[in-house]
Student: 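Below you will find the structure I want to go over with you.
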Amino acid sequence: MAALSGVRWLTRALVAAPNSGTWRNLCTSAVAHAASRSQAEDMRVEGAFPVTMLPGDGVGPELMHAVKEVFKAASVPVEFQEHHLSEVQNMASEEKLEQVLSSMKENKVAIIGKIHTPMEYKGELASYDMRLRRKLDLFANVVHVKSLPGYKTRHNNLDLVIIREQTEGEYSSLEHESARGVIECLKIVTRTKSQRIAKFAFDYATKKGRGKVTAVHKANIMKLGDGLFLQCCEEVAELYPKIKFETMIIDNCCMQLVQNPYQFDVLVMPNLYGNIIDNLAAGLVGGAGVVPGESYSAEYAVFETGARHPFAQAVGRNIANPTAMLLSASNMLRHLNLEYHSNMIADAVKKVIKVGKLPGHLSSRFLCLAKEKC
């Protein structure tokens with residue numbers, strides 16, 4: 001993984017051309033800053049776009065500091081309104097959840113880190129992360145998996161998009177003990193939400209100039225549940241004759257992604273399959289630290305990493321890779337129609353990775369860390 005300081009320094013050199021003076025105060029460790037900054041120290045810029053920031057757990061606060069540092073240096077007209085919600089840091093309550101929801105509903109745009117979900121059952125099946133997504137109806141998760149020149153991986157020049165329905169399916173939080181020692185977990189599939197995510201996928205393909213959509217399923221086993229999802233995808237596909245439509249069983253899809261990922265363009269799938277495929281595909285291009293993601297409802301847009309991991313073992317070690325979060329932040333700026341700043345940051349990050357070296361003593365450390373995965 002690339003060190004936070006490493007990416008910061010080379011990004012500084014690349015972005016500095018139009019405004020080099022702004023970079024001179026960026027020599028302090030990201031970890032030290034992340035530890036000392038408080039919620040009250042939001043970025044305040046007159047006339048800026050308000051954005052809700054939720055650092056999350058693990059290395060999330062360090063990654064968010066990298067975003068704030070780069071935004072400040074590049075004079076990005078965004079005002080971050082920072083909130084904290086964590087089930088593992090005793091910072092989760094109904095009151096805090098409502099504060100976060102209120103901010104996100106007002107701002108319409110947010111950037112968030114991973115809110116870690118403990119495995120222990122404490123009386124509530126739905127995690128705060130899941131509840132947040134449901135209350136905002138963030139039904140579509142989009143992960144653009146694209147190779148970055150400079151990262152040596154088995155497959156190069158990959159460019160595919162994974163679209164995941166994330167408000168129902170296996171993540172419905174409907175579990176109960178029907179008899180002693182027998183647990184039933186309900187998977188919910190509805191026609192309305194299946195049609196909605198299918199239409200989102202085909203609209204996305206049309207807008208982005210992509211030629212094929214693959215529906216991923218397990219309808220051969222779950223004939224009613226996944227059968228309904230597949231039927232909805234087939235019905236929607238008929239409305240888009242210019243987009244090629246294919247179907248694939250989830251287990252075969254995993255194998256095909258490893259053997260020949262170039263056959264895929266846009267993939268659409270239910271909740272759990274999307275979670276698995278997101279992570280598998282991220283591994284094809286360098287790991288969880290390099291793939292951005294985003295989630296959409298009809299009103300709101302939330303930007304995050306494509307593969308959601310807190311990476312708690314890296315906290316305080318200054319080795320967390322900010323690439324995914326910085327690229328996600330760049331996508332957020334594009335969503336806000338801040339094309340200039342979006343391109344500036346995305347181009348700088350990609351140049352950092354492609355060049356693969358830093359000025360002076362940071363060079364060797366960056367090259368060593370950049371080869372590691374999340």
Side-chain angles (χ1 to χ4, degrees), residues 1 3-5 7-8 28-45 48-72 76 78-93 95-104 106-107 109-118 127-133 136 138 288-289 291-295 300-333 345 374:
M1 294 183 60
L4 288 170
S5 56
V7 171
R8 186 177 68 245
T28 314
S29 164
V31 176
H33 271 289
S36 62
R37 295 278 178 99
S38 68
Q39 181 176 338
E41 292 178 288
D42 292 343
M43 294 175 65
R44 301 295 179 184
V45 183
F49 290 88
V51 170
T52 302
M53 174 179 279
L54 200 59
D57 295 308
V59 296
E62 297 175 27
L63 301 181
M64 290 303 182
H65 173 72
V67 171
K68 290 189 286 188
E69 193 174 53
V70 169
F71 273 37
K72 181 179 179 181
V76 178
V78 162
E79 175 189 322
F80 288 120
Q81 298 174 4
E82 190 169 332
H83 295 265
H84 295 274
L85 186 68
S86 170
E87 294 187 61
V88 297
Q89 300 179 53
N90 294 321
M91 291 191 293
S93 65
E95 181 181 0
K96 287 185 177 294
L97 179 61
E98 288 304 317
Q99 289 174 354
V100 172
L101 286 169
S102 177
S103 176
M104 294 173 78
E106 180 178 354
N107 296 332
V109 178
I111 184 167
I112 67 174
K114 168 61 178 174
I115 303 173
H116 183 61
T117 302
S127 68
Y128 278 85
D129 185 36
M130 291 167 61
R131 292 166 65 189
L132 189 68
R133 295 177 192 279
L136 295 174
L138 295 168
V291 178
E294 51 224 53
S295 294
Y300 313 112
V302 172
F303 296 83
E304 56 197 331
T305 57
R308 303 165 187 164
H309 297 280
F311 198 32
Q313 63 269 36
V315 172
R317 296 170 58 195
N318 199 28
I319 63 170
N321 191 339
T323 301
M325 194 63 79
L326 288 172
L327 292 177
S328 184
S330 170
N331 292 339
M332 179 188 74
L333 295 179
I345 292 172
C374 290

Student: Just verifying a value: how many Å separate Leu138 CG and Glu294 CD, rounded to the nearest 0.5 Å?
Tutor: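 These two atoms lie 12.0 Å from each other.
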
Student: Find out whether Val59 and Lys114 are in side-chain contact, i.e. whether some heavy atom of one side chain is under 4.5 Å from a heavy atom of the other.
Tutor: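 Val59 does not reach Lys114 side chain to side chain.
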
Student: Side chains of Gln81 and His83: donor-acceptor distance under 3.5 Å anywhere?
Tutor: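 Looking only at side-chain atoms, His83 and Gln81 do not form any donor-acceptor pair under 3.5 Å.
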
Student: List the atom of Arg131, the atom of Leu97, and the distance in Å for their closest heavy-atom pair.
Tutor: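 Looking at all heavy atoms of both residues, the shortest contact is NH2-CD2, 3.8 Å.
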
Student: Closest approach of Pro50 and Asn107, non-hydrogen atoms and distance?
Tutor: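 Distance-wise, the nearest heavy atoms are CB-OD1, 3.4 Å.
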
Student: Return the OH to CZ distance between Tyr300 and Arg133, rounded to the nearest 0.5 Å.
Tutor: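 It comes to 15.0 Å.
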
Student: Check whether any side-chain N or O of Thr305 sits under 3.5 Å from a backbone N or O of Met325 as a donor-acceptor pair, and report yes or no.
Tutor: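 Absent.
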
Student: If only atom types and distance count, is the side chain of Ser103 paired as donor or acceptor with the main-chain N or O of Thr52 below 3.5 Å?
Tutor: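 No; judged by distance alone, with no hydrogens or angles, the pair does not exist.
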
Student: Please give me the minimum heavy-atom distance between Ser295 and Glu304, naming the atom from each residue.
Tutor: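 Result for this residue pair: OG-OE2, 2.7 Å.
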
Student: At their closest point, which heavy atom of Asn321 faces which heavy atom of Leu63, and how far apart are they?
Tutor: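 That closest heavy-atom pairing would be O-CD2, 3.6 Å.
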
Student: Measure the shortest side-chain to side-chain distance between His84 and Pro55 over non-hydrogen atoms and say whether it is less than 4.5 angstrom.
Tutor: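 Touching, per the 4.5 Å side-chain cut-off.
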
Student: Using the side-chain contact (heavy atoms from CB on, under 4.5 Å) rule, pick out the option among Met104, Met332, Glu82 that qualifies with Val51.
Tutor: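 Exactly one option meets the side-chain contact (heavy atoms from CB on, under 4.5 Å) with Val51, and it is Met332.
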
Student: What are the two closest heavy atoms between Ile345 and Leu326, and how far apart are they?
Tutor: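 Shortest heavy-atom contact: CG2-O, 4.1 Å.
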
Student: Tell me, do Leu333 and Phe49 make a side-chain contact under 4.5 Å, heavy atoms counted?
Tutor: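 Not in contact.
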
Student: Quick one: CD1 on Ile115 to CG on Leu54, what's the gap to the nearest 0.5 Å?
Tutor: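 Rounded to the nearest 0.5 Å, the CD1-CG separation comes to 4.5 Å.
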
Student: What's the shortest heavy-atom distance between Ala307 and Ala288, and which atoms?
Tutor: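 Closest approach of Ala307 to Ala288, heavy atoms only: CB-CB, 3.8 Å.
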
Student: What's the spacing between Ile112 CD1 and Asp129 CG if we round to 0.5 Å?
Tutor: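 It is 6.0 Å, given to the nearest 0.5 Å.
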
Student: Is there side-chain contact between Val302 and Leu132, with heavy atoms separated by less than 4.5 Å?
Tutor: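 When only atoms from C-beta onward are counted, Leu132 and Val302 do not touch, as no gap falls below 4.5 Å.
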
